Amino acid sequence: MLARCSPVVAPDPLRVATTLPCDTSAPGSARRLVIDGCASAGMDADVMDTAELLVSEVVTNAVIHGRSEVRLWVMASEETVRIEVGDDNSRHPVALRSQEGALDGRGMAIVDMLASAWGVQDGAFGKIVWFEVST
């Protein structure tokens, strides 16, 4: 007699969207949201740590350079987390080689080094910087 098994259905990817204030609390709030989302999706700890670091860098850039509320989207599955950060400044970020001893300017270089993919989309108001981290 053959045993019948129910098909295994993967859970829908987690999708979260929020707006953060343009102040120093935004990166911490974004990190907590990403950690919670990645944990809920069952992501690997290394992926979660990388996503946490990168969202902090991109949200910090949005606060400093965007000078507007920060729009944050997190989409996580077991294999990939995609994070999108929107602000009202239309200037695109660039991954620069920082000067030795510089106190800033490394954020997008870190994103470029650690993300599986990243890019920038022009939005109706400003831009959206997105990145993905995969297992």
Side-chain angles (χ1 to χ4, degrees):
M1 176 183 211
L2 292 173
R4 295 203 163 207
C5 298
S6 298
V8 176
V9 177
D12 289 335
L14 171 83
R15 297 178 195 278
V16 177
T18 192
T19 301
L20 303 170
C22 181
D23 64 32
T24 57
S25 70
S29 297
R31 286 191 300 271
R32 285 187 292 282
L33 186 70
V34 167
I35 289 169
D36 291 346
C38 288
S40 294
M43 298 203 83
D44 177 83
D46 289 338
V47 172
M48 198 169 10
D49 290 346
T50 301
E52 178 186 13
L53 171 65
L54 299 185
V55 77
S56 188
E57 294 293 340
V58 176
V59 169
T60 297
N61 280 352
V63 169
I64 291 170
H65 302 291
R67 297 185 178 132
S68 67
E69 289 184 324
V70 179
R71 297 172 297 280
L72 176 67
W73 298 270
V74 179
M75 288 117 340
S77 66
E78 288 183 14
E79 301 85 27
T80 304
V81 59
R82 179 181 174 103
I83 297 170
E84 299 178 357
V85 178
D87 65 49
D88 292 351
N89 187 326
S90 61
R91 283 190 350 206
H92 289 206
V94 178
L96 300 173
R97 250 182 83 176
S98 63
Q99 300 293 324
E100 188 174 323
L103 298 177
D104 60 5
R106 293 179 178 85
M108 292 312 295
I110 293 169
V111 172
D112 190 51
M113 184 181 355
L114 298 178
S116 305
W118 75 276
V120 183
Q121 297 170 232
D122 292 318
F125 300 98
K127 66 181 170 302
I128 298 170
V129 178
W130 63 268
F131 65 87
E132 294 179 352
V133 180
S134 301
T135 55

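Because only heavy atoms are used, hydrogens play no part in the values below, and waters and symmetry mates are left out as well, while side chains stay in. Bear in mind that the values here come from a model prediction, so they are computed numbers and not experimental data.
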List the steps and the verdict of side chain to side chain contact (heavy atoms under 4.5 Å, CB included) for V120 and I128. CA-CA 6 Å; V120 183; I128 298 170; over 6 Å; no
Side-chain contact, heavy-atom cut-off 4.5 Å: [X] with [Y]?
X    : Y    : answer
T19  : L72  : no
V58  : V111 : yes
T80  : V133 : no
W118 : D112 : yes
C38  : V47  : no
M48  : I35  : yes

Give me the atom names and distance for the closest heavy-atom approach of [X] to [Y].
X    : Y    : answer
S90  : D122 : O-OD1, 4.4 Å
A51  : V81  : CB-CG1, 3.8 Å
F125 : R71  : O-NH2, 3.2 Å
L20  : A30  : CD1-CB, 3.9 Å
G37  : A76  : O-CB, 4.1 Å

After noting the C-alpha distance and the side-chain angles of R15 and V74, does the key distance pass the side chain to side chain contact (heavy atoms under 4.5 Å, CB included) rule? CA-CA 6 Å; R15 297 178 195 278; V74 179; over 6 Å; no
How would you list, by chain and number, every residue that makes a salt bridge (charged side-chain N to carboxylate O under 4.0 Å, His left out) with E57, sequence neighbours excluded? none
Nearest-0.5 Å distance that lies between atom [atom1] in [X] and atom [atom2] in [Y]:
X    : Y    : atom1 : atom2 : result
H92  : Q121 : NE2   : CD    : 9.5 Å
H65  : R91  : NE2   : CZ    : 7.0 Å
F131 : E84  : CZ    : CD    : 10.0 Å
T50  : M43  : OG1   : CE    : 10.0 Å
D87  : K127 : CG    : NZ    : 3.5 Å
N61  : N89  : CG    : CG    : 10.5 Å

Do you reckon W130 sits in the same ILVMFWY cluster as M113, going by side-chain contacts under 4.5 Å, direct or chained? no
Cation over ring face, R82 and W73, 6.0 Å, 45°: no
Checking L54 against L114 for the side chain to side chain contact (heavy atoms under 4.5 Å, CB included) test, could you report, in this order, the C-alpha distance in whole Å, the side-chain angles of both residues, the deciding distance, and whether it holds? CA-CA 8 Å; L54 299 185; L114 298 178; 4.2 Å; yes
Derivation of the side chain to side chain contact (heavy atoms under 4.5 Å, CB included) call for M108 and V129: CA-CA 10 Å; M108 292 312 295; V129 178; 4.1 Å; yes
Are the side chain of S56 and the backbone N or O of E52 linked by a donor-acceptor pair below 3.5 Å? no
Of S68, P21, C22, the one forming a side-chain contact (heavy atoms from CB on, under 4.5 Å) with V63 is C22
